[in-house]
Every structure is written in C-alpha cells, then in structure tokens.
Number of protein chains: 2
Amino acid sequence: MPGGHGAGTAGVDPQQLWLNPRPSGRGRKPSFSREAITAAAVALADAEGLEAVTMRRVASEVGAGVMSLYSYAPEKETLLELMVDHVSGELPAPARTGDWRTDLKAIGHLQRDLMLRHTWLPAALATRRTPGPHSLAFLEHALAALRPTRLDGSAKLEVFSLLTGFVASHVGYEIRQAAAADAPGRAAAEARYLAAVAADGHHPELAEALSAPGRPPAPEALFTRFLDRLVDGLDTG
Amino acid sequence: MPGGHGAGTAGVDPQQLWLNPRPSGRGRKPSFSREAITAAAVALADAEGLEAVTMRRVASEVGAGVMSLYSYAPEKETLLELMVDHVSGELPAPARTGDWRTDLKAIGHLQRDLMLRHTWLPAALATRRTPGPHSLAFLEHALAALRPTRLDGSAKLEVFSLLTGFVASHVGYEIRQAAAADAPGRAAAEARYLAAVAADGHHPELAEALSAPGRPPAPEALFTRFLDRLVDGLDTG
DNA sequence: ACTATTCTCGTACAACGTACGTAAAAAGTG
DNA sequence: CACTTTTTACGTACGTTGTACGAGAATAGT
C-alpha cells in the first residue's frame with residue numbers, strides 16, 4: 001500500500017521484517033507477540049490518535065516494559081508499518097465486475113472506508129516504506145482488476161500508487177474538515193480571517209467564491225465525484 | 001495552499017498570525033525578523049531536510065537565543081506555516097490561455113516545480129492549516145483560472161484543494177522514489193523482498209507485473225500524464 | 001550442571017518543544 | 001533628567017520522546 005510522502009533515513013530490511021516466523025527453538029519464550037503489540041497500538045491510535053502511540057504508552061497498554069517492544073520491532077517506524085499492514089487486513093477482496101474502471105472505483109471506496117475507520121491511516125501512510133502481506137494481498141487484487149487494461153507492469157503499479165495516494169490525500173482532507181467542524185471556535189476564526197482577506201479588495205475571486213458558496217456537498221458524494229473523474233480519465237495504455 | 005492530512009489540536013488565530021505588521025512603537029526593538037527567521041528555517045530544510053528544523057538549530061543559524069524565536073512564532077507549528085507561505089512566494093503568476101484546463105495543468109506544474117525545489121514541502125503541507133498571503137495570492141490566480149467553469153464557490157475551492165493534494169501526494173512519491181535510487185542497498189533489499197513474494201506462488205499478478213515491468217517512465221512524464229487525466233476528468237458543473 | 005541463546009526491562013541519555021522569569025532596551029511622561 | 005510601561009532577549013529548567021546499554025531471567029541443547 002504505497003502512496004504518501006516523507007524521506008527518512010535508514011529503515012529495516014523488509015525481507016527480515018515481513019517473512020520470518022521466528023524459527024529458533026532456543027532461548028526464552030516470548031511473553032508477547034507482534035500481533036498483540038500491533039493490535040494495542042492500533043487500538044490506541046483509533047481511540048486517541050496517532051500522537052498517542054508512544055513506545056511507553058503501547059508498552060503499558062500491553063503490559064510490557066518499554067524496552068521489550070524492541071524485541072518485536074527494532075524501531076518505532078517499524079511498529080507503524082506493522083500497524084498499517086494490520087489494518088490493511090480488514091480490506092475485503094474487492095468485487096469483480098467485468099469493467100476494470102468500476103472495479104478500480106470499488107477499490108478506492110474500500111480504501112476510503114478503511115481510512116475513515118482508522119483516521120490516522122492517511123498520515124501514517126505518508127512515511128510508509130514497504131508493503132506487508134495484507135497490503136500485498138490487496139495489491140494483488142488491484143493488479144487483477146487492472147488486467148484488462150493491458151498496461152505494462154510498472155504502469156499498473158503506478159496506477160495503484162496514484163489511486164492510493166489520491167485516496168489518502170482526499171480522506172485526509174475529509175478528516176480535517178470534519179475535525180474543523182468539531183472545533184467551532186477555530187473554524188469561526190478561520191472564516192473571519194478569510195472574510196477579512198476577501199474584503200481587502202485585492203482578492204476579488206476569493207470574495208466571489210466565498211459569497212457564492214453553494215452548499216458544501218456530502219463528503220462521500222464529493223469523494224465519489226473526484227474518484228470517478230480520476231479513474232475515468234485513466235488511459236489504458 | 002491547502003491539501004494534505006493530519007488532525008492536530010489547537011493552533012493560532014490566523015487573523016493575528018497573518019495580518020498585523022506589529023503596530024506598537026513602545027518597547028525594545030526587535031533584533032530579528034520573521035522574514036529572517038523563516039528564511040533561515042527554509043534554508044535549513046532545503047539543505048538538511050525538515051527534521052533538521054528544530055528551534056535550537058534555527059535559532060543558532062540566525063544568531064538568536066532559542067527562546068527568542070517565540071517572540072516571532074508562538075509555536076513551532078507556526079514557524080512551519082510561515083515556511084510554507086514563504087516558499088509559496090516563489091510561485092509565479094500562472095499564464096492564462098483561454099482554456100481553463102490548460103491553465104489548471106500549468107498551475108499544477110508550478111506547484112510541482114516548487115515542491116521539487118523544496119522537497120520538504122509535501123510533508124509540511126500535510127499538517128498545514130490556514131493559507132498565508134502568498135498562498136492566497138496563488139489561490140486567487142487559481143480561482144481566476146476556474147472562472148470559465150461556472151462552478152460555484154465551494155466547488156472551485158474544492159478543485160484547488162484536490163489539485164494541491166494530488167500534486168503534493170505525487171511529488172512526495174517522486175521524492176521517495178528518487179531517494180530510494182540514491183540508497184542502492186535499501187532499494188535492492190526491497191526488490192529482493194518483492195521478488196521473493198512474487199516467487200511464492202500466491203501472488204501471480206505481482207509476479208507478472210514485476211516480470212513485465214516496461215521501463216519506468218521519466219518522472220515528469222508520469223506526472224504530466226496523471227495530472228492531465230485528473231484535470232481532463234474534472235466536471236464543469 | 002553447563003552453556004548458548006533469546007527475551008525482559010530498569011536505568012540512562014540526548015534531543016526535543018516550550019513554560020517561566022529576569023534582564024535589557026526602547027518610548028512615553030513628568 | 002528620572003521613572004514607568006511595554007516589548008523583546010534569552011538562560012535555565014521541565015516534561016516527554018525514542019532508544020542504547022547491560023544485567024538478569026528463562027529456555028533448549030549438550
């Protein structure tokens with residue numbers, strides 16, 4: 001599940017991260033599990049936002065010492081990757097109609113639903129590196145949906161990346177809008193500011209846009225409209 | 001310049017932030033300026049990335065004590081807003097042809113150029129709140145370009161937000177790709193990982209996509225293609 | 001019983017944003 | 001001129017963060 005931004009420095013070898021079930025028999029038995037830790041972190045992010053996910057907090061939630069987490073994830077960044085893939089496991093297999101555009105739109109809606117259920121996801125995707133198994137399974141479905149297009153391999157991957165990036169960006173926008181509506185003082189201050197700017201005479205277009213607002217469409221309708229435009233515009237090669 | 005994601009808590013009154021030139025005559029003369037501090041922060045981010053922009057570092061760069069910065073920006077978040085608007089001042093007035101789609105594409109390219117010149121910008125936009133004067137000037141141009149569409153006010157603003165979000169998302173992707181190419185060990189590790197997954201037999205579509213990669217297109221061509229699709233797909237009504 | 005290996009986690013540290021308070025500088029007022 | 005008022009400058013200090021280190025505990029193979 002690529003898409004997003006943020007440079008970053010080192011990271012962890014994905015091969016070692018995602019595909020080993022801990023083969024050893026020697027040594028002390030693990031008291032916790034990657035699953036449990038990841039689930040706790042996800043629950044925390046769902047309930048209190050991504051900034052509540054600190055190593056200390058996750059550890060206490062799971063009943064471990066802080067440093068114990070580092071046996072399961074070598075860096076916090078890794079934990080975030082695990083979280084993303086964890087929730088990606090909630091993605092159902094997309095329906096297949098005969099039409100790849102329809103299928104791709106459905107995929108976009110599934111991604112949006114997931115992001116609305118885990119509102120930290122758009123932000124978390126911004127730094128993400130390598131897709132885990134659940135993300136790859138979903139990617140597999142997306143590639144299958146794109147099969148009729150006859151795009152070449154890298155073009156298919158690019159389309160999926162574009163789609164995911166767009167959805168994350170748009171849902172991030174939706175979430176911020178919704179949050180702004182919940183903080184009426186702040187929203188009012190911003191409205192006052194924009195009105196003041198519009199009234200200064202140097203921003204006639206803005207003034208007109210604000211004075212003829214239309215009523216803001218339902219978020220889902222707006223998303224659907226933009227998604228449809230994006231997908232309908234995709235070239236088949 | 002809206003677009004991006006990230007919730008956040010309080011923030012600063014935009015009216016107070018953007019529109020007062022410090023009217024008072026009393027009191028000690030400022031030794032620094034918002035401009036100088038912002039410029040130093042931007043230079044730092046350009047040279048060493050957004051994570052190098054710490055209050056201490058900016059202060060030392062500008063020759064001030066750390067806490068002096070707080071006379072010019074009440075929070076670090078505010079400094080980031082100032083940075084975004086600062087570089088938005090580099091945006092030239094977009095050309096106006098008769099065709100709004102052409103104009104909108106040009107606007108997207110201007111935004112991309114800016115983001116490539118300041119690679120921290122996509123990430124910084126993810127948390128940004130209120131547009132400053134330079135961003136508003138550019139928005140004004142974008143609204144003017146959209147005039148022929150006869151979209152209502154909020155729809156125009158949404159289109160601009162969509163465009164900006166898309167550009168930020170895509171350029172963020174470009175930047176990450178470029179950074180990956182600069183870290184050959186890491187890129188090779190990821191390629192090995194994906195190849196291993198493709199070889200496991202459960203990911204036939206991925207296997208095929210990786211085996212028939214086509215050659216990856218030039219980044220600018222890819223951007224142009226996606227931008228064209230997005231804009232061409234926009235509905236005028 | 002011994003050794004190797006693995007996990008657990010208390011302590012500690014550097015770096016961060018920033019609250020607080022005091023000192024310094026400028027302007028207004030007598 | 002002195003004195004008050006206002007504003008900026010910034011040292012110190014606090015709480016929080018990610019995580020390096022290393023000592024102890026548990027398990028398995030010998």
Side-chain angles (χ1 to χ4, degrees), chain A residues 6 8-12 16 20-38 40-41 44-45 48-83 120 123-124 127, chain B residues 6 8-12 16 20-38 40-41 44-45 48-83 120 123-124 127:
Chain A
T9 47
V12 172
Q16 186 181 335
N20 56 5
R22 201 129 324 281
S24 77
R26 234 11 188 245
R28 182 174 179 168
K29 282 284 169 57
S31 309
F32 313 100
S33 74
R34 209 172 252 197
E35 256 293 302
I37 290 169
T38 307
L44 203 51
E48 304 180 35
L50 201 54
E51 76 282 359
V53 179
T54 69
M55 298 304 270
R56 281 165 237 263
R57 192 67 200 284
V58 171
S60 97
E61 216 74 31
V62 88
V66 194
M67 294 312 291
S68 303
L69 298 189
Y70 287 86
S71 304
Y72 301 87
E75 312 171 14
K76 189 191 180 183
E77 176 63 27
T78 306
L79 181 55
L80 289 182
E81 297 203 49
L82 292 170
M83 290 172 66
W120 46 272
T127 15
Chain B
T9 47
V12 172
Q16 186 182 336
N20 55 5
R22 201 129 323 283
S24 78
R26 236 1 194 248
R28 181 174 177 168
K29 281 286 167 56
S31 310
F32 314 99
S33 73
R34 209 173 253 199
E35 256 292 302
I37 291 169
T38 308
L44 203 50
E48 304 181 34
L50 200 54
E51 76 282 359
V53 180
T54 69
M55 298 304 271
R56 281 166 236 260
R57 192 67 200 284
V58 172
S60 97
E61 216 72 32
V62 88
V66 194
M67 294 312 291
S68 303
L69 298 188
Y70 288 86
S71 304
Y72 301 87
E75 311 171 16
K76 189 192 180 182
E77 176 63 28
T78 307
L79 180 55
L80 288 180
E81 297 201 51
L82 292 171
M83 290 171 66
W120 46 272
T127 14

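Computed over heavy atoms, backbone and side chain alike; hydrogens, waters and symmetry mates excluded. Each chain gets a letter, A, B and so on, in the order its sequence line appears, and its residues count up from 1.
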> So, does A:Tyr72 use its side chain to make a donor-acceptor pair with the main chain of A:Phe32 at under 3.5 Å?
Replying inline: yes
> Over how many whole Å does the gap from A:Met55 atom CE to C:dT8 atom C1' extend?
Replying inline: 14 Å
Look for any protein N or O under 3.5 Å of an N or O in nucleotides 25-28 of chain D and output each such pair with its distance, or none.
| from | atom 1 | to | atom 2 | distance (Å) |
| --- | --- | --- | --- | --- |
| D:dT27 | O2 | A:Gly27 | N | 3.4 |
| D:dA28 | OP1 | A:Lys29 | NZ | 3.3 |

> Between C:dC16, D:dT8, D:dG18, which nucleotide has the shortest distance from any of its atoms to the side chain of B:Pro30?
Replying inline: D:dT8
>> If the condition is side-chain contact (heavy atoms from CB on, under 4.5 Å), which residues does B:Arg56 pass it with, not counting sequence neighbours?
In response: B:Thr54, B:Val66
> C:dT6 C1' sits how many Å from A:Arg34 CZ, rounded?
Replying inline: 15 Å
> Can a side chain N or O of A:Ser31 be found less than 4.0 Å away from OP1 or OP2 on C:dT8?
Replying inline: yes
> Roughly how many Å is it from OH in B:Tyr70 to C1' in D:dT7, rounded to a whole number?
Replying inline: 19 Å
> Whole-Å distance between D:dC10 P and B:Arg56 CZ?
Replying inline: 15 Å
>> Quick check on contacts: within residues 60-69 of chain B, what sits under 4.0 Å from DNA chain C by heavy-atom distance?
In response: B:Val66, B:Met67
>> Please give me the minimum heavy-atom distance between B:Glu77 and B:Thr127, naming the atom from each residue.
In response: OE2-O, 3.5 Å
> By salt bridge (Lys or Arg N to Asp or Glu O under 4.0 Å), which residues pair with A:Arg57, not counting sequence neighbours?
Replying inline: A:Glu48, A:Glu61
> Expressed in angstrom and rounded to an integer, what is the separation of B:Ile37 atom CD1 from D:dT8 atom P?
Replying inline: 11 Å
>> Looking at every non-hydrogen atom in both residues, tell me the closest pair between A:Leu82 and A:Ala73 and how far apart they are.
In response: CD1-CB, 4.3 Å
> With sequence neighbours left out, what residues match A:Ser60 under side-chain contact (heavy atoms from CB on, under 4.5 Å)?
Replying inline: none
>> Evaluate A:Met55 against A:Leu79 for side-chain contact (heavy atoms from CB on, under 4.5 Å), listing each step before the verdict.
In response: CA-CA 9 Å; A:Met55 298 304 270; A:Leu79 181 55; 4.3 Å; yes
> With a non-hydrogen cut-off below 4.0 angstrom, is B:Phe32 in contact with a base, only sugar-phosphate, or nothing?
Replying inline: sugar-phosphate
> For A:Met83 and A:Val53, what are the C-alpha separation, side-chain angles and deciding distance, and is it a side-chain contact (heavy atoms from CB on, under 4.5 Å)?
Replying inline: CA-CA 11 Å; A:Met83 290 172 66; A:Val53 179; 4.3 Å; yes
> A:Tyr72 side chain: which of C:dC16, C:dA12, C:dT8 is closest?
Replying inline: C:dT8
> Can you list the residues that meet the side-chain contact (heavy atoms from CB on, under 4.5 Å) rule with A:Ser33, with sequence neighbours excluded?
Replying inline: A:Glu35, A:Ala36
> Given atom CD of A:Glu75 and atom P of D:dT17, what is their separation to the nearest angstrom?
Replying inline: 18 Å
